[in-house]
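Chain A is the first sequence line, chain B the second, and so forth, proteins listed ahead of strands; every chain is numbered from 1. Just so it is clear, the values below take in all heavy atoms, side chains as well, and ignore hydrogens, waters and symmetry mates.
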Amino acid sequence: MKLSKTYQPNDYEPNIYALWESSGAFKPSGQGDPYSIVMPPPNANGNLHAGHALFVALQDILIRYYRMKGRDTIWIPGADHAGFETWVVFEQALTGQGKSRFDYSRDQLYQMTWDFVDENRGNMELQLRALGASCDWNHQIFTLDREVTDVVFTTFKKLWDDRLIYRGERIVNYCTYHDTSFADIEVEYKEEQGKLWYIDYPLVFPKAGQPKFITIATTRPETMLGDEAVAVNPDDPRYAKLVGQKLLLPLVEKEIPIIADSEVDFEFGTGALKITPAHDPTDFEIGQRHDLPITAVIGTDGLMKSPAPPEFINLTVEQAREQVVEQLDHQGLLRKIEDIKHQVPHCYKCGRVIQPLPKNQWFVSVKPLAERAKKAIRSGKIKFVPEQKGRELERYFDELRDWNISRQIAWGIPIPAFKRVEDETISGNTPEWIFDTRVDQTEIEVGGVKYIRDEDTFDTWFSSGQWPYIVTRGDLTRFYPSTVMETGVDILRPWVARMIMLGLYITDDVPFDEVYLHGLVNDEHNQKMSKSKGNVINPMGVVEQYGSDALRMGIIANRSAALSQAFSTSTVVAGRNFCNKLWNIARLTQLIIDDNPDQPQLEYDIASNWVACRLDQARRQIDKHLEEYRFAEAYDTLYHVVWNDVADWFLEAQKLHQNTSVLKQVLNVVLKLAHPFAPFVTEAIWQSLDTDDKSTTLLISQQWPEKLSYNSVKVKKFEQVKNLVSAVRNLTAELGGKKRVLYHNSEKLVEENCDVIKFLARLEDVVVASRSEEALRIPALAEEVWLAASASEIKAYRAALDKRLDDAKQQVALLEKRLKNPNYVKNAPKNLVEQSTAELAEQRATLKRLQVELKNQ
RNA sequence: GGUCCUUUAGCUCAGUUGGCUAGAGCGCAGCAUUCACAUUGCUGAGGUCGUAGGUUCGAGCCCUACAAGGACCACCA
């Protein structure tokens with residue numbers, strides 16, 4: 001015996017992976033229709049988490065399956081510089097060394113982050129290998145590689161030339177701690193208990209019969225220092241006559257107009273809205289419509305700044321708020337304070353409140369891009385699993401606003417734009433900003449004019465949004481569009497949406513044909529995993545304990561598309577046990593073959609036909625399930641055919657009558673069907689088999705099983721034997737478990753399969769006899785077969801028989817009622833009616849046998 | 001405020017165009033076991049499919065309302 005008693009994954013996995021990798025099996029074959037998956041690049045600086053384990057499992061199953069199906073298959077791995085994410089970690093490390101980002105230049109910081117990432121770089125890749133990812137490492141790309149930045153620059157230029165990129169002062173979401181702006185999508189809104197302050201703004205020249213002031217309501221009184229107007233709804237009768245008049249902005253003593261804008265909600269507060277164009281997105285828009293100046297009183301450092309009155313300058317927002325309220329109260333302008341619950345934007349990383357600030361940034365005009373993307377989904381050019389996620393994206397494209405792509409962090413792809421250095425000698429038509437890819441220089445000269453590089457870097461999603469066509473350039477163009485994009489629902493909007501927009505824009509084609517989305521992997525109690533909760537599952541620990549295959553099967557079991565579901569150790573254990581089952585199937589097969597070396601018996605017995613039929617059905621089902629991305633069901637099908645059919649019935653039967661050629665064939669098919677789901681153990685077994693040319697034979701490179709042939713009559717026969725055996729086992733167990741004698745009235749089925757039935761049903765003996773008093777009829781079987789039982793046992797069993805009788809009666813009544821219903825007979829499909837009729841006959845026969853049985857006792 | 005998802009056995013989940021006795025894994029109970037595997041085998045118990053209506057010969061599945069949980073979106077200052 002070559003194989004140890006149980007499968008020890010750690011003894012095999014690393015060697016098996018090295019075998020695959022060195023054999024070149026991960027490379028595309030160049031034969032067959034292309035099948036490609038672009039891996040969502042994991043953070044180069046991080047360790048893999050449970051979500052990665054899930055995506056590796058799903059994508060690798062697809063890749064291995066289609067590779068075996070003969071497709072020209074590639075899975076392209078990547079590593080993400082993960083701009084902001086990595087930056088935050090790097091800065092923490094810097095702080096840990098007592099340093100800060102202000103001690104270095106941008107270029108120094110970039111280099112330092114590069115080195116920092118480089119140190120950890122290999123971990124992620126080793127972990128992908130440990131998970132068995134059969135991706136083509138020759139084509140691995142890092143998101144900061146030259147070939148990536150080249151494409152990103154070209155795209156930026158094209159957008160620029162097409163006037164789809166503009167630089168403008170807009171309100172951005174600014175984290176004053178991280179010192180960078182965010183896209184709308186990166187902001188986390190949290191409901192908070194806040195206050196609503198009601199403040200009187202006096203009119204400069206109150207007219208007779210009119211109020212002397214307007215009361216506004218605000219949750220952020222400190223921003224009033226930057227107010228430029230008070231807006232009311234044009235249809236609001238309370239304020240109709242006041243529109244156009246001036247107010248005196250308290251504390252600042254500045255005159256501001258009362259304007260009318262339909263955006264203003266009558267219902268909220270007093271119906272009068274103070275307008276701070278610099279510090280609120282809505283106010284900014286209203287300000288634009290009414291040509292109001294943008295007066296910023298909060299700086300990017302989060303402190304108050306000029307032109308706020310001197311006493312407020314350099315106060316924090318919170319301090320300023322207190323001061324403002326206090327002074328207003330002092331001046332008798334504070335009318336009332338209400339408690340209010342409202343949504344407050346927070347930095348998703350540090351949790352601090354996001355300040356809306358005006359900032360000059362690069363923006364992408366997304367409307368035309370989004371329109372096209374929406375059409376691609378609507379027309380079915382891109383298919384989503386699950387479908388509703390496609391509809392969700394369509395709605396998202398409708399409401400998407402211009403996309404801020406500038407980030408004020410050093411770690412990322414520099415924006416290839418340079419700003420003119422002000423100089424009186426330059427002519428009026430020299431552009432303020434020019435495109436240039438010499439981003440390694442901070443200052444360049446063009447036509448005698450000096451330009452300085454934009455210090456900002458691109459939003460990571462701007463470059464990763466171009467990933468599918470970036471990674472398929474060169475000799476891989478046949479793999480674009482990729483076949484399926486498999487990724488997490490959480491990045492449907494930030495990533496998938498952008499890949500579709502930019503893919504269509506640059507290549508005039510969709511970036512992928514289908515999108516499969518997986519949900520979050522929660523902890524065992526279905527709570528979201530997070531470092532702060534300490535409930536994070538480390539996939540490498542699971543691999544170490546149970547094996548890579550076990551983790552893979554455990555994590556896909558019971559899981560459906562796009563749903564957040566719990567991680568379950570028990571399904572991983574089930575996966576581990578399944579690996580061991582495969583292992584022992586191989587061991588037994590080997591054992592039998594070793595015992596019968598030179599005489600393969602070619603007699604094709606009924607069990608062999610039956611198992612061929614079961615395996616063939618399973619193959620078709622797995623095909624169908626994988627076609628429809630039903631991973632859990634494909635695995636379930638495999639699990640049961642291997643365990644329940646092959647191991648529990650076929651191999652048990654083979655212990656009696658060996659058929660080495662069929663045994664070999666069955667093991668071969670089992671290993672192939674199982675390979676995408678349990679690659680390591682199946683390959684380990686494959687390598688242990690005696691084959692003519694081992695060096696070139698890898699399971700990973702084998703063809704998926706073809707149709708198996710079998711004799712249906714023999715299949716049916718084994719099915720009957722199996723039913724009889726189960727019925728005997730059942731009755732034996734109910735009667736108390738000891739071995740018994742089976743009597744039969746020269747039944748052909750029993751006669752022909754006497755020894756198999758005896759063996760599988762664990763019978764004392766099988767003898768021909770007429771009905772004995774000391775025996776119980778095997779229930780629900782048409783054959784005249786009885787199991788030996790003493791009178792007292794029969795008596796004790798009477799209750800069970802009574803119950804069976806009741807069940808049968810109920811069934812007969814139900815079927816009769818259904819068949820008597822003329823509407824059923826008329827409307828239901830014919831085969832169903834026939835089926836019901838047949839079943840009724842069967843149930844009536846059963847009923848009759850049970851009645852006889854009971855009478856005889 | 002809006003949109004979407006979920007609700008099926010003790011737990012985690014399947015259940016593909018409605019079709020008649022709703023499945024799996026784990027857990028639980030009983031029995032077995034020198035014979036590939038205790039990471040085992042056999043047998044079994046356990047569900048009025050969130051609630052209330054409706055459509056239909058027939059509903060876990062379709063429709064309506066409601067309830068609970070979750071996710072996302074939104075400019076209510």
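At a threshold of 4.0 angstrom between heavy atoms, the contacts of Glu524(A) with the nucleic acid are absent. Nucleic acid contact class of Gln811(A) (heavy atoms, under 4.0 Å, all strands): base. Residue contacts shown for Pro829(A) include a base, since a base heavy atom lies under 4.0 Å away. Counting non-hydrogen atoms under 4.0 angstrom, Val489(A) reaches nothing in the nucleic acid. Gln565(A) comes within 4.0 angstrom of sugar-phosphate atoms only, judged by non-hydrogen atoms across all strands, and of no base. Within the nucleic acid shown, Glu652(A) comes within 4.0 Å of at least one base atom, counting heavy atoms only. The residue Ala217(A) sits close to a base: some heavy atom pair falls under 4.0 Å. As judged by a 4.0 angstrom heavy-atom cut-off over every strand, Ala828(A) is placed among the base-contacting residues. If you check every strand for non-hydrogen atoms under 4.0 Å, Asp648(A) touches sugar and phosphate atoms only. Counting non-hydrogen atoms under 4.0 angstrom, Gln621(A) reaches nothing in the nucleic acid. If you check every strand for non-hydrogen atoms under 4.0 Å, Ala586(A) touches nothing. In this structure, Asp265(A) reaches the bases: a heavy-atom distance under 4.0 Å links it to at least one base atom across the strands shown. Note on Arg391(A): nothing from the nucleic acid sits closer than 4.0 angstrom, heavy atoms only. Contacts of Arg762(A) with the nucleic acid, taken as non-hydrogen atoms under 4.0 Å apart, involve only primed sugar atoms and P, OP1 or OP2.
In this entry the distance linking CD of Gln343(A) with C1' of C73(B) reads 10 Å, nearest Å. Lys190(A) has its NZ atom 13 Å from the P atom of A71(B), to the nearest Å. In this structure, Leu724(A) atom CG and U43(B) atom P are separated by 13 Å, rounded to whole Å. Atom CG of Leu273(A) and atom C1' of C76(B) are 9 Å apart (whole Å). Rounded to a whole Å, the NZ atom of Lys655(A) is 10 Å from the P atom of G41(B). Atom C1' of nucleotide G70(B) and atom NE2 of His525(A) are separated by 18 Å, given to the nearest angstrom. Rounded to a whole Å, the CG atom of Leu819(A) is 17 Å from the P atom of C57(B). Remark: P of G25(B) and CD1 of Ile556(A) are 16 Å apart, rounded to the nearest angstrom.
Using cut-offs of 30° and 60° for the angle between ring planes, the Tyr639(A) and Tyr635(A) rings count as perpendicular. Taking the six-membered ring where tryptophan is involved, the planes of Trp583(A) and Tyr7(A) are tilted, since the angle between them lies from 30° to 60°.
For U8(B) and C28(B), the P atoms lie 22 Å apart once the distance is rounded to whole Å. Distance check on atom P: C4(B) versus A65(B) gives 12 Å, rounded to whole Å. The same atom, P, is picked in U16(B) and in G23(B); the two are 13 Å apart, to the nearest Å.
A donor-acceptor contact under 3.5 angstrom links the side-chain atoms of Gln843(A) to the base of U21(B). The base of U16(B) lies close enough to the side chain of Arg630(A) for a donor and an acceptor atom to sit less than 3.5 Å apart.
Enclosure of atom CD in Glu793(A) by more than 12 non-hydrogen atoms of other residues, nucleotides or ligands within 6.0 angstrom is indicated. Remark: Gln193(A) CD is packed, more than 12 non-hydrogen atoms of other residues, nucleotides or ligands lying under 6.0 Å away.
Comparing A36(B), A24(B), C73(B) by their nearest atom to the side chain of His640(A) picks out A24(B). For Thr571(A), the listed nucleotide lying nearest its side chain is G25(B); candidates were C57(B), G41(B), G25(B). Ranking C26(B), A36(B), G25(B) by closeness to the Ser570(A) side chain, first place goes to C26(B). Of the candidates U39(B), U16(B), C72(B), U39(B) carries the atom nearest the Thr6(A) side chain, counting heavy atoms from C-beta on. Distances were taken from every side-chain heavy atom of Asn821(A) (C-beta onward) to each of U21(B), C57(B), C75(B); the shortest belongs to C57(B). Of the candidate nucleotides A36(B), U16(B), U21(B), U16(B) has the atom lying nearest to any side-chain atom of His625(A). In this structure, the nucleotide among A24(B), C37(B), U16(B) sitting nearest to the side chain of Arg587(A) is C37(B). For Glu263(A), whose side chain is taken as the heavy atoms from C-beta onward, the closest listed nucleotide among A24(B), A77(B), C75(B) is C75(B). For Lys581(A), the side-chain atoms get nearest to A36(B) when compared with the rest of A77(B), C4(B), A36(B). Considering only the side chain of Leu563(A), C5(B) comes nearest among C75(B), A77(B), C5(B).
In this structure, G47(B) forms no base pair with any nucleotide, since neither Watson-Crick nor G-U wobble geometry is met with both distances under 3.5 Å. Pairing for G18(B) is absent, with no Watson-Crick or G-U wobble pair whose two atom distances lie under 3.5 Å. For C26(B), the paired nucleotide is G10(B), the pair qualifying as Watson-Crick or G-U wobble because both relevant distances are below 3.5 Å. Across all strands shown, the partner of G1(B) is C73(B), judged by Watson-Crick or G-U wobble contacts whose two distances both fall under 3.5 Å. Look at G53(B): its Watson-Crick or wobble partner, with both distances under 3.5 angstrom, is C63(B).
Within the structure, a side-chain polar atom (N or O) of Asn730(A) is placed less than 4.0 Å from OP1 or OP2 of G44(B). For the OP1/OP2 pair of C75(B) and a distance below 4.0 Å, the side-chain nitrogens and oxygens of Arg401(A) include at least one atom meeting the criterion. In terms of phosphate contacts, Asn577(A) brings a side-chain nitrogen or oxygen within less than 4.0 Å of OP1 or OP2 of U40(B). Close to C13(B), at under 4.0 Å from its OP1 or OP2, lies a side-chain N or O of Asn526(A).
Side chain to side chain, Asn233(A) and Asp265(A) fail the donor-acceptor criterion of an N or O pair below 3.5 Å. Using a 3.5 Å distance cut-off with no hydrogens or angles, the side chains of Glu192(A) and His346(A) do pair a donor with an acceptor. Remark: the Thr6(A) side chain and the Asn580(A) side chain contain no N/O donor-acceptor pair separated by less than 3.5 Å.
A salt bridge links Arg844(A) to Glu816(A): at least one charged side-chain nitrogen sits closer than 4.0 Å to a carboxylate oxygen.
Taking the centre and axis of the six-membered ring of Phe384(A), the NZ or CZ atom of Lys389(A) falls outside the cone set by 45° and 6.0 Å.
Take the nearest nucleotide of RNA chain B for Lys5(A) and for Arg729(A): the residue whose nucleotide is more 5' is Lys5(A). Mapped onto RNA chain B by nearest heavy atom, Trp649(A) and Asn823(A) fall at different nucleotides, with Trp649(A) at the one closer to the 5' end.
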Practice task
Please report the C-alpha distance between Arg587(A) and Lys5(A) in whole Å, then the side-chain angles of each, then the deciding distance to 0.1 Å, and finally whether the side chain to side chain contact (heavy atoms under 4.5 Å, CB included) criterion is met.
Solution key: CA-CA 8 Å; Arg587(A) 285 183 76 210; Lys5(A) 206 170 166 184; 3.6 Å; yes
